[in-house]
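Heads up: the structure comes next, in structure tokens.
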Amino acid sequence: MDIYDKIIDLAKRRGFLWNSFELYGGAAGFFDYGPNGCSVKRNIENTWRDYYIRKEGYFEIEAPTVGIEDVYIASGHVGGFSDPLCECVECHSDFRADHLLEAAGFENAGAFSLKEIDEKIEKNNIVCSECGGKLGTAYDFNLMFKTKIGPGGGRQGYMRPETAQGMFIDFDRLLIHNRDKLPFGACQIGKSYRNEISPRQGVLRLREFTQAECEIFVDPEEKTHPEFSKYENVTLLLYPRDEQENEGNPIEMTVKEAVDSGIIAHEFLGYYVALTYDFLTEIGIDKSKLRFRQHLRDEMAHYAVDCWDAEILTERFGWVEAVGIADRTDYDLKAHSAQSKTELSVYVEFPEPVFEKRFTVRPDMAKLGPLFKGKAKQIGDLLKYMSESELLEYENKETATYDLKIENELYKVPSNLVSFGEETIKLSGKTIVPHVIEPSYGIDRITYCVLEHAFYEETLESSETSESSEISDTSEKSEKESEEDETRTVLRLKNKIAPFSVAVLPLIGKPELLKISKQIFESLVDSGLNVYYDDTGTIGKRYRRNDEIGIPYSVTIDFETIDENTVTIRDRDSMKQIRAGAQTLPEKIKEMIKTEYKIE
RNA sequence: GCAUUGAUGGUCUAGCGGCUAUGACUGUGGCCUUCCAAGCCACCUACCCGGGUUCAAAUCCCGGUCGAUGCACCA
């Protein structure tokens, strides 16, 4: 049983993760979060909000999960989020049709239509590489879930394959909300949907999953980050493109070093790579099992400048991509701008107005109008955009006119109606389409990894077998261990991530202890803590149960509580205890939660 | 989607044509119990779904669903 099986087993038993639709036999690619899983996931999401909304000051929005067709035409998902597949008639293997053609020597096979693919397969006699059978006609498999909006034929709708488009579409509203200034960010946490061909690896590849995405809109020429110094000395394990291509290894370096040496494209990306490191370690990802891998050039979207994935090491699946941090440039805004025929841009004021000398031609339109009637505008425009030398070329000194030819008609424009010269123009700003820096987090993957990294088993020698250390034969000893020693399973979750902060446990079920326990429970609940109360069975069993779902502290009420108004506080990880006054318990526990206090 | 393989209480598991489906752990109630899965008593909970073969199917056959693995796909 590997750690994945152990965690899925624990997750099922203790209400973290359940297969969806189990009652009806289940469906691949869907998971339910049970009560404890829901708490952990929510705590992770709220910590994310803490970083992006509270600290970074970005704006959270909530857009629909169903989108209209225009959105995904613009984003490229309607056309590009599908793959041409080809099925073997004999053995029913599926192949990427474009890959087959590329293997047969065609270049840019990805650009072929389905019809072209069929023709080329036919002509070149391409057969199934598995069994040599004949290939069926190519078809598009689009990874978006389709739906209809409204009754009857309805309007074509799609379940969103990423939350990002919501932020792009609201760009102009968000810009006004930020009072027309860059940079600013918008985020959203929510479900996304991809109709995966074959979901595997449990909760790591889902058809419905939760993303936390942030789109930060920046000035394309200003990719330094004002708060860069906050993270510049964070040391990261980076796996740059060059190292991957030359079979090298990840390298440790500070964010500053990575940006200065050009490994990370710019400060803005570096800042969010470091923030991601901070966030992931804060929620309990093991530092030593976290690295940042740069996308290879062919792996990156064609419009992206640079892209780094946070990868988390898991035992069964190896390095799992959990976060992507990309510079998407102005691709998305331009695409939506073109699709919606609306300008999506920002007017950026220069710190100082810029004065530019420019040669300008000023045709006297008030005179040219009556003279040339319908052609006047065309003539005027032609003159306006001429350089000095061009203008002089058309000058006819004899007749004192500029002789212009438009559609083979000659127009003689009197020179005295055209003035020109150098002018100084004041520019106080310019209109730009912002670039987008996108940190995108896969919350379900992160949640699984947090559980895996928190998972801890220890073997406790049962008290009767303490003499077993005298046995010299190791195999005999291990046999004895498995018989008599017990395994304690602990989720060493960070305090802020654990499903409950503290458990209240009367030592035994005597009425006088139960009464006072309830009072202590109430006082902790009233102070805002998430408290778990349990008075069944024996104390040891309850400790074990709570260890397994990661409750960091247990408050035990015993007979001294009645006499002296004190309780014990037990540490989940060390099992050590301290005594504390019941009066100030809520403050004490809150302080311990906040400081990740360990009783040694 | 293909191939291999599996599916029995919440979990692990025995049974592999034939009585009321085995056991352990968990859970619940009770007794006991002054700090780490203690003990005793009682109880709850299961043959993945649909067809077929048979007097009789958890067991054999076919199809489906879900899981694991490989190929393919995906990030």
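Lettering of chains follows the sequences in order, A, B, ..., and the numbering in each one begins at 1. Here the structure is a predicted model, which is why all the values come from computation and not from measurement.
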Exercise. What about the rings of A:Phe31 and A:Tyr448, do their centers lie closer together than 6.0 Å?
Worked result: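 They do not qualify: ring centres at least 6.0 Å apart.
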Exercise. Between A:Tyr4 and A:Phe317, is the ring centre distance below 6.0 Å?
Worked result: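 Between A:Tyr4 and A:Phe317, the centre distance is under 6.0 Å.
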Problem set entry | Toward the 5' end of RNA chain B, by each residue's nearest nucleotide, A:Gly202 or A:Lys12 |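 Nearest-nucleotide comparison on RNA chain B picks A:Lys12.
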For this session: Could you check A:Arg293 against A:Pro199 and say which one's nearest nucleotide on RNA chain B is further toward the 5' end?
Result: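 Counting from the 5' end, the first nearest nucleotide belongs to A:Pro199.
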Counting only Watson-Crick pairs (N1-N3 plus N6-O4 or O6-N4) and G-U wobbles (N1-O2, O6-N3), all under 3.5 Å, who is the partner of [N]?
N: B:C73; result: none
N: B:A21; result: none
N: B:G27; result: B:C43
N: B:C16; result: none
N: B:C60; result: B:G52
N: B:G6; result: B:C66

Exercise. Ion pair present between A:Lys41 and A:Glu45, side-chain N to carboxylate O less than 4.0 angstrom?
Worked result: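 Here A:Lys41 pairs with A:Glu45 in a salt bridge, since their nearest N and O are under 4.0 Å apart.
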Problem set entry | Residues A:Asp534, A:Arg542: salt bridge by 4.0 Å N-O rule |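 Salt bridge absent between A:Asp534 and A:Arg542.
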Exercise. Given B:U69, is OP1 or OP2 found less than 4.0 Å from the side-chain N or O atoms of A:Arg316?
Worked result: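 Looking at the OP1 and OP2 atoms of B:U69, one of them is under 4.0 Å from a side-chain N or O of A:Arg316.
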Separation of [X] atom [atom1] from [N] atom [atom2], in whole Å?
X: A:Leu10; N: B:C25; atom1: CG; atom2: C1'; answer: 15 Å
X: A:Asn19; N: B:G10; atom1: CG; atom2: P; answer: 14 Å
X: A:Ile8; N: B:C66; atom1: CD1; atom2: P; answer: 17 Å
X: A:Lys6; N: B:A68; atom1: NZ; atom2: C1'; answer: 18 Å
X: A:Asp9; N: B:A68; atom1: CG; atom2: P; answer: 14 Å
X: A:Glu196; N: B:G1; atom1: CD; atom2: P; answer: 15 Å
X: A:Ile549; N: B:G10; atom1: CD1; atom2: P; answer: 20 Å
X: A:Arg13; N: B:U45; atom1: CZ; atom2: C1'; answer: 17 Å

Quote, to the nearest angstrom, the [atom1] distance that separates [N] from [M].
N: B:A21; M: B:C47; atom1: P; answer: 11 Å
N: B:U45; M: B:C36; atom1: P; answer: 35 Å
N: B:A68; M: B:C55; atom1: P; answer: 40 Å
N: B:A24; M: B:A56; atom1: P; answer: 34 Å
N: B:U28; M: B:U34; atom1: C1'; answer: 25 Å
N: B:G50; M: B:A57; atom1: P; answer: 14 Å
N: B:U59; M: B:G17; atom1: C1'; answer: 6 Å
N: B:U20; M: B:G70; atom1: C1'; answer: 44 Å

Problem set entry | Pairs involving residues 531-585 of chain A, ordered by first then second residue, that meet ring pair (Phe, Tyr, Trp, His ring centres under 6.0 Å) (sequence neighbours left out) |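 Non-adjacent pairs meeting ring pair (Phe, Tyr, Trp, His ring centres under 6.0 Å): A:Phe500-A:Tyr532, A:Phe521-A:Tyr533.
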For this session: Report the C-alpha distance between A:Met300 and A:Arg241 in whole Å, list the side-chain angles of each, state the deciding distance to 0.1 Å, and finish with yes or no for side chain to side chain contact (heavy atoms under 4.5 Å, CB included).
Result: CA-CA 11 Å; A:Met300 227 163 27; A:Arg241 194 178 290 144; 3.7 Å; yes
For this session: Give the B/S/- string for nucleotides 26-37 of chain B, one per nucleotide from 5' to 3', where a protein heavy atom under 4.0 Å of the base yields B, of only the sugar-phosphate yields S, and otherwise -.
Result: SS-----BBBBB
Exercise. Which of these nucleotides, B:C73, B:G10, B:G67, is closest to any side-chain atom of A:Arg205?
Worked result: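 Taking heavy atoms from C-beta onward, the closest nucleotide is B:C73.
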Exercise. Would the number of heavy atoms belonging to other residues, nucleotides or ligands and lying under 6.0 Å from CD of A:Glu512 be above 12?
Worked result: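 More than 12 heavy atoms, drawn from other residues, nucleotides or ligands, come within 6.0 Å of this atom.
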Exercise. Is the number of heavy atoms from other residues, nucleotides or ligands under 6.0 Å of A:Lys287 NZ greater than 12?
Worked result: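 Counting neighbours around NZ of A:Lys287, 12 or fewer heavy atoms of other residues, nucleotides or ligands fall under 6.0 Å, so no.
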For this session: Could you list the residues that satisfy salt bridge (charged side-chain N to carboxylate O under 4.0 Å, His left out) with A:Glu213, not counting sequence neighbours?
Result: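 Expected list: none.
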